[in-house]
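Remember, predicted model here, so these are calculated numbers, not experimental data.
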Amino acid sequence: MNHKKTLALVFSIFPSFLLAAITVDGKLDEPEWQNAQSISDFVTVYPNDKSKPKFKTEVRVFSDDKGIYFGFTNEQPIETHTPLKHPRDKWFVDADRNFIMIDFDGNATVGYEFSVTLGDTLRDAIVTNENEMSDSWDAIWYAKTKSYEDYWISEFLIPWDVAPMINVEGPYREISVSLARWTFSENEVYNSPGLNFYKSPFLSKFKKLQVRNLNTQKTRIDF
């Protein structure tokens, strides 16, 4: 069988796999996003008055064999978008930013932060002892942002092998998350489930979330 016929056979056998591939590009246009879990109960935590945010934020979440996907839709007029680039892992930045903190085991022992600025600068860190942060941890994960007229989007892929996890039996894994948004033009932070990082307890108050348990990691080496 020649090369062209082989490719044709592959496409005919695996069309659903090819169509199911997610491209992390800040568009959220794949059909998987339409049926994903939705989270929108954000409140203002800086200033820490728990008020309704000026701008709505919706986060969609789902998982596949590659990892866990998060898609933020951040309502905000384009003239107030602040898309500056910064060095990786920079703590304070003059830009809009989305944050994900995940406790993969749901036991409040360690949380992992993944954040991206509107400008595609990444930061990752570890949270222990409720709210002690260390940026000495780096991992391979993916995020991309894109501006639109009345909103901006950030799209994340957190691979299953990004951190060690307790093996879980069954079709679902329960994780804990804290989702946040820094709106630079308003100097405000919005969070779901309404947590302020500077207030303890923090890590043990994360929101419980179920994702499909497709973690197939068997062994892992960290450097």
### Task
Provide the full list of salt bridge (charged side-chain N to carboxylate O under 4.0 Å, His left out) pairs with a residue in residues 174-192, sequence neighbours left out, each pair given once.
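Checked against salt bridge (charged side-chain N to carboxylate O under 4.0 Å, His left out) - neighbours excluded - the pairs reaching residues 174-192 are Lys54-Glu186.
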
### Message
For Asp49, give me all partners under side-chain contact (heavy atoms from CB on, under 4.5 Å), at least two apart in sequence or on another chain.
### Response
Thr44, Ser51

### Task
Only counting residues at least two apart or in another chain, list the ones meeting side-chain contact (heavy atoms from CB on, under 4.5 Å) with Tyr148.
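So Tyr148 forms a side-chain contact (heavy atoms from CB on, under 4.5 Å) with Lys27, Lys146, Tyr151, Ile153.
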
My understanding is that a hydrophobic cluster links ILVMFWY residues whose side chain heavy atoms are under 4.5 Å apart, including indirect links. Using that, what else belongs to the cluster containing [X]?
X	result
Val93	none
Ile78	none
Leu118	Trp152

### Query
If Ile, Leu, Val, Met, Phe, Trp and Tyr residues are connected whenever their side-chain heavy atoms lie under 4.5 Å apart, and connections chain through other members, are Met165 and Ile100 in the same group?
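Same cluster.
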
### Message
Quick check: is Leu179 connected to Val45 through a chain of hydrophobic side chains (ILVMFWY, heavy atoms under 4.5 Å apart)?
### Response
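No, Val45 does not connect to Leu179 through the hydrophobic network.
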
### Query
Which residue pairs pass the side chain to side chain donor-acceptor pair (under 3.5 Å) test when at least one of the two sits in residues 194-203, sequence neighbours left out?
none

#### Entry: Selection residues 101-110 - residue pairs positive for side chain to side chain donor-acceptor pair (under 3.5 Å), sequence neighbours left out
Asn107-Thr109

### Message
Taking side-chain hydrogen bond (donor to acceptor under 3.5 Å, both in side chains) as the definition, give me every residue that meets it alongside Thr128, ordered by chain and number, with sequence neighbours left out.
### Response
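Once residues adjacent in sequence are excluded, Thr128 has no partner under the side-chain hydrogen bond (donor to acceptor under 3.5 Å, both in side chains) criterion.
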
### Task
Name all residues meeting the side-chain hydrogen bond (donor to acceptor under 3.5 Å, both in side chains) criterion together with Asn191; count only those two or more places apart in sequence or in a different chain, and write none if there are none.
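With sequence neighbours excluded, Asn191 shows a side-chain hydrogen bond (donor to acceptor under 3.5 Å, both in side chains) to Ser178, given in chain and number order.
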
### Query
Could you give all pairs that pass the ring pair (Phe, Tyr, Trp, His ring centres under 6.0 Å) test and reach residues 22-58, with sequence neighbours left out?
Trp33-Phe62

### Task
For Gln37 and Gln210, indicate whether the former's side chain and the latter's backbone hold a donor-acceptor pair under 3.5 Å.
yes

### Query
Partners of Tyr190 by ring-ring contact (aromatic ring centres under 6.0 Å, His included), sequence neighbours excluded?
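Scan of Tyr190 (ring-ring contact (aromatic ring centres under 6.0 Å, His included), adjacent residues dropped) gives none.
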
